[in-house]
Structure formats: structure tokens, C-alpha cells
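Not measured: the values here are computed from a predicted model. Counting starts at 1 for both ligands and their atoms, in listed order.
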Amino acid sequence: MQARVALVTGGTGGIGSSILLKLASMGHKVATNYRDEGKARAWQTAMKAAGVDVALAHGDVSSAESAESMVRDLERQLGPIDILVNNAGITRDTTFHKMTPTQWNDVIATNLGSCYNVTRPVIEGMRERKWGRIIQISSINGQKGQYGQANYAAAKAGMHGFTISLAQENARFGITVNTVSPGYIGTDMVMAVPEEVRNKIVAQIPTGRLGTPEEIAYAVSFFIPDEAAWITGANLSANGGQYMGW
Ligand code: CAA
Ligand code: NAP
């Protein structure tokens with residue numbers, strides 16, 4: 001297929017790095033954001049050693065101004081963005097009766113607010129060019145809820161509501177909008193869960209293990225080719241069988 005320009009937010013993280021490698025292996029030009037330039041340049045050098053050039057721009061996805069200037073910077077470097085993966089995300093786990101306004105607001109702004117902040121500056125160009133792919137990285141916990149994650153589950157469920165509305169508005173412009181809902185993947189985010197709690201979670205996964213970032217990158221790649229043009233508004237679970245709800 002034609003080479004496209006792809007922006008994966010939070011690309012320096014575990015799942016984001018794998019998505020970037022996968023999209024690059026499909027022949028696309030790839031880009032992401034950073035907040036800490038020193039950390040990001042070291043990561044960029046490691047990605048280059050793995051054979052992939054990743055364009056970088058400063059950007060905080062929880063801010064509309066910052067996200068817009070990040071998009072414009074990357075477009076100057078690579079050209080218009082055809083593929084957007086809204087992947088950047090955080091957790092601030094605690095039971096709801098202890099949750100502070102900051103823990104609520106930060107998770108909603110970073111996981112859900114980011115969908116507005118980053119998609120808004122790319123959507124008009126996609127509509128003009130009559131082609132686009134927008135993929136939200138939600139979570140199994142947006143589908144089933146999770147003890148200690150009222151903030152995160154609300155944001156992740158909201159991401160799929162965003163997907164199915166955008167999918168309807170943009171289908172006739174050649175743009176598909178889909179969600180990937182990963183289960184527990186062995187990145188920093190999951191390794192931050194206390195070991196005892198994590199072991200109990202792994203015991204509930206039918207495959208008997210955590211997923212890998214590469215398994216999520218594969219799920220994302222499924223939505224990109226021209227052959228996937230009929231698939232829009234879908235929510236693809238990739239969770240080792242931990243949750244099989246519709
Ligand atoms: N079901 C029922 N009870 C539970 C429970 C569960 N899943 N988890 C904890 N509890 C109970 C404890 O047994 C304890 O009970 P007792 O008071 O009777 O002993 C009580 O809840 C503890 O409640 P606290 O309010 O004191 O909570 P805490 O400060 O100990 O922390 C927690 C609780 C933060 C939720 C902690 O259990 C935790 O980190 N859980 C993991 C949450 C999780 O899955 N996060 C996913 C992070 S990765 C990610 O988000 C990626 C993704 O998308 C999959
Ligand atoms: P990760 O390794 O912690 O990576 C998160 C990435 O998001 C980092 O690059 C981080 O950049 C970036 N980020 C966080 N806040 C940001 C902000 N305000 N602005 C810009 N970038 C920001 O996490 P991961 O496991 O790869 O998770 C990636 C996505 O998958 C998240 O949306 C997560 O919720 C979702 N997910 C993960 C799992 C899992 O089991 N790991 C399961 C389901 C869904 P910094 O380095 O600057 O912080």
C-alpha cells in the first residue's frame with residue numbers, strides 16, 4: 001500500500017514503541033511526541049539502531065494548545081498526518097472514595113481529553129484528502145470496569161464513545177475510526193501494579209500470561225490497509241481472553 005504519515009502519541013512508551021516499529025515495517029513514516037527532550041532523544045537513537053527513524057515534536061496531549069503545535073511541527077517535518085493512533089495514557093489508581101480531584105482530572109484529560117486535542121488538528125486535512133485512519137487505544141478496563149480505576153475506566157469507555165461518533169461523521173470521507181482495547185500488557189504501566197495484586201490479575205487471564213506490546217501493535221496494524229476500509233466503529237479486544245463481552 002501507499003506510504004503514509006503516522007502519528008502515534010505516547011510513542012516512547014511500551015505499547016507506543018511497538019506500534020511505531022510495526023507501522024514503519026509496513027512502509028509508513030512515523031512520528032511521536034515527547035515531554036522530556038533528553039529522554040526522548042536517547043529513545044530516538046535506540047529506535048534508529050533498530051532501523052526506524054521517528055520524527056519527534058514536543059507535546060503534552062492533555063493540552064489543546066500543546067497538541068496543536070505538536071501536530072503542526074510534525075506536519076512540517078513529514079507532511080500531512082494520515083494515520084493517528086491516540087495511545088498516550090496514564091493511570092492514577094485508587095478507590096473512588098479516596099480519589100482526589102487531581103487524580104480524576106489528570107486521567108480524564110490525558111486519556112480522553114487527548115482524543116479531542118490531537119484529533120481536532122488532523123481531522124480537517126484527512127477529510128480534505130479523503131483518506132484517514134484514527135485508532136484509539138482504550139482498555140479492557142473501559143469495557144468491564146476495574147476496582148481502583150473509576151477515573152481510568154470512565155476515560156477509556158469514553159474513548160470508544162468518541163470512536164463510534166467520529167466513525168459515523170467521517171465514513172463518507174474515506175476515514176475509518178476504530179478502537180483497540182488491550183488487556184494487561186507487560187509494560188511499565190502494569191509493572192507499577194503491586195506484585196501481589198498483579199499476580200492475582202494474571203491468574204484471571206485464560207492464556208495464563210500478560211500480553212506483549214507487539215500483540216497490540218498487530219491489532220492496530222489490522223485497521224490500516226486499504227482492505228480494511230469497510231471496518232469502522234469497531235472495538236477490537238486483544239486481552240488473552242480475559243473479557244469476552246460484545
Ligand atoms: N476486588 C475486590 N476487593 C478488592 C479488589 C478487587 N479487585 N482489589 C482490592 N480489594 C480490596 C482489598 O482486598 C482490601 O480489602 P480489605 O480492606 O477488606 O482488606 C481493600 O480492597 C483495599 O482497599 P483500599 O481502598 O484500601 O485500596 P488500596 O489503597 O489498598 O489500593 C488498589 C487498592 C489501588 C485498587 C490496588 O488494589 C491496585 O492497584 N489494584 C490494581 C488496579 C489495576 O488493575 N490497575 C491496572 C493498572 S494497568 C492498566 O490500567 C492497563 C490496562 O488498561 C489494563
Ligand atoms: P507507558 O509505557 O507508561 O507509556 C505511556 C506513554 O504515554 C509514554 O510515552 C508517556 O510519555 C505518554 N504520555 C503520558 N502522558 C502524556 C501526556 N500528557 N502528553 C504526552 N504524552 C504522554 O504505557 P503503555 O503501557 O505503553 O500504555 C500505552 C496506552 O495503552 C495507554 O493509553 C494505556 O492506557 C493503554 N493500555 C495499556 C495497557 C497495559 O496493560 N500496558 C492495557 C490497556 C491499555 P512520558 O514518557 O512523557 O510520560
Does ligand 2 have any N/O pairs with the protein under 3.5 Å, and how far apart?
from: ligand 2; atom 1: 2 (O); to: G14; atom 2: N; distance (Å): 3.0
from: ligand 2; atom 1: 9 (O); to: G10; atom 2: O; distance (Å): 3.2
from: ligand 2; atom 1: 9 (O); to: T12; atom 2: OG1; distance (Å): 2.8
from: ligand 2; atom 1: 9 (O); to: G13; atom 2: N; distance (Å): 3.2
from: ligand 2; atom 1: 15 (N); to: R35; atom 2: NH2; distance (Å): 3.3
from: ligand 2; atom 1: 18 (N); to: R35; atom 2: NH1; distance (Å): 3.4
from: ligand 2; atom 1: 18 (N); to: D60; atom 2: OD1; distance (Å): 2.9
from: ligand 2; atom 1: 19 (N); to: V61; atom 2: N; distance (Å): 3.0
from: ligand 2; atom 1: 21 (N); to: N33; atom 2: ND2; distance (Å): 3.1
from: ligand 2; atom 1: 25 (O); to: T187; atom 2: OG1; distance (Å): 2.5
from: ligand 2; atom 1: 26 (O); to: G14; atom 2: N; distance (Å): 3.3
from: ligand 2; atom 1: 26 (O); to: I15; atom 2: N; distance (Å): 2.8
from: ligand 2; atom 1: 32 (O); to: N87; atom 2: O; distance (Å): 2.7
from: ligand 2; atom 1: 32 (O); to: K156; atom 2: NZ; distance (Å): 2.9
from: ligand 2; atom 1: 34 (O); to: Y152; atom 2: OH; distance (Å): 2.6
from: ligand 2; atom 1: 34 (O); to: K156; atom 2: NZ; distance (Å): 3.0
from: ligand 2; atom 1: 40 (O); to: G183; atom 2: O; distance (Å): 3.4
from: ligand 2; atom 1: 40 (O); to: I185; atom 2: N; distance (Å): 2.7
from: ligand 2; atom 1: 40 (O); to: I185; atom 2: O; distance (Å): 3.4
from: ligand 2; atom 1: 41 (N); to: T187; atom 2: OG1; distance (Å): 3.0
from: ligand 2; atom 1: 46 (O); to: K39; atom 2: NZ; distance (Å): 3.3
from: ligand 2; atom 1: 47 (O); to: R35; atom 2: NE; distance (Å): 3.0
from: ligand 2; atom 1: 47 (O); to: R35; atom 2: NH2; distance (Å): 3.3
from: ligand 2; atom 1: 48 (O); to: R35; atom 2: NH2; distance (Å): 2.7

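Protein residues lining ligand 1, listed by chain and number: T91, D93, T95, H97, K98, S139, N141, Q146, Y147, G148, Q149, Y152, Y184, M189, V190, V193, P194, V197, I201 [non-hydrogen atoms, distance under 4.0 Å].
Side-chain heavy-atom separations under 4.5 angstrom define the hydrophobic clusters, and Y116 shares its cluster with no other residue.
Side chains of Q143 and S237: a donor-acceptor N/O pair is present below 3.5 angstrom, by distance only. The closest side-chain donor-acceptor pair between T163 and T179 falls under 3.5 angstrom.
By the 4.0 Å N-to-carboxylate-O rule, R72 lies close enough to E75 to be salt-bridged with it.
I90 and V85 fall into different hydrophobic clusters, where Ile, Leu, Val, Met, Phe, Trp and Tyr are joined by side-chain heavy atoms under 4.5 Å apart, directly or via other members. Placement of W43 and V52 within a single hydrophobic cluster is found when ILVMFWY residues are connected by side-chain heavy-atom separations under 4.5 Å, directly or transitively.
By the neighbour-count criterion of 12 heavy atoms within 6.0 Å, atom CZ of F173 is densely surrounded, having more than that number from other residues, nucleotides or ligands.
Residues D82 and M126 come closest through the heavy atom pair O-CE, 3.4 Å.
The ring-ring contact (aromatic ring centres under 6.0 Å, His included) check on Y34 picks up H58, with sequence neighbours excluded.
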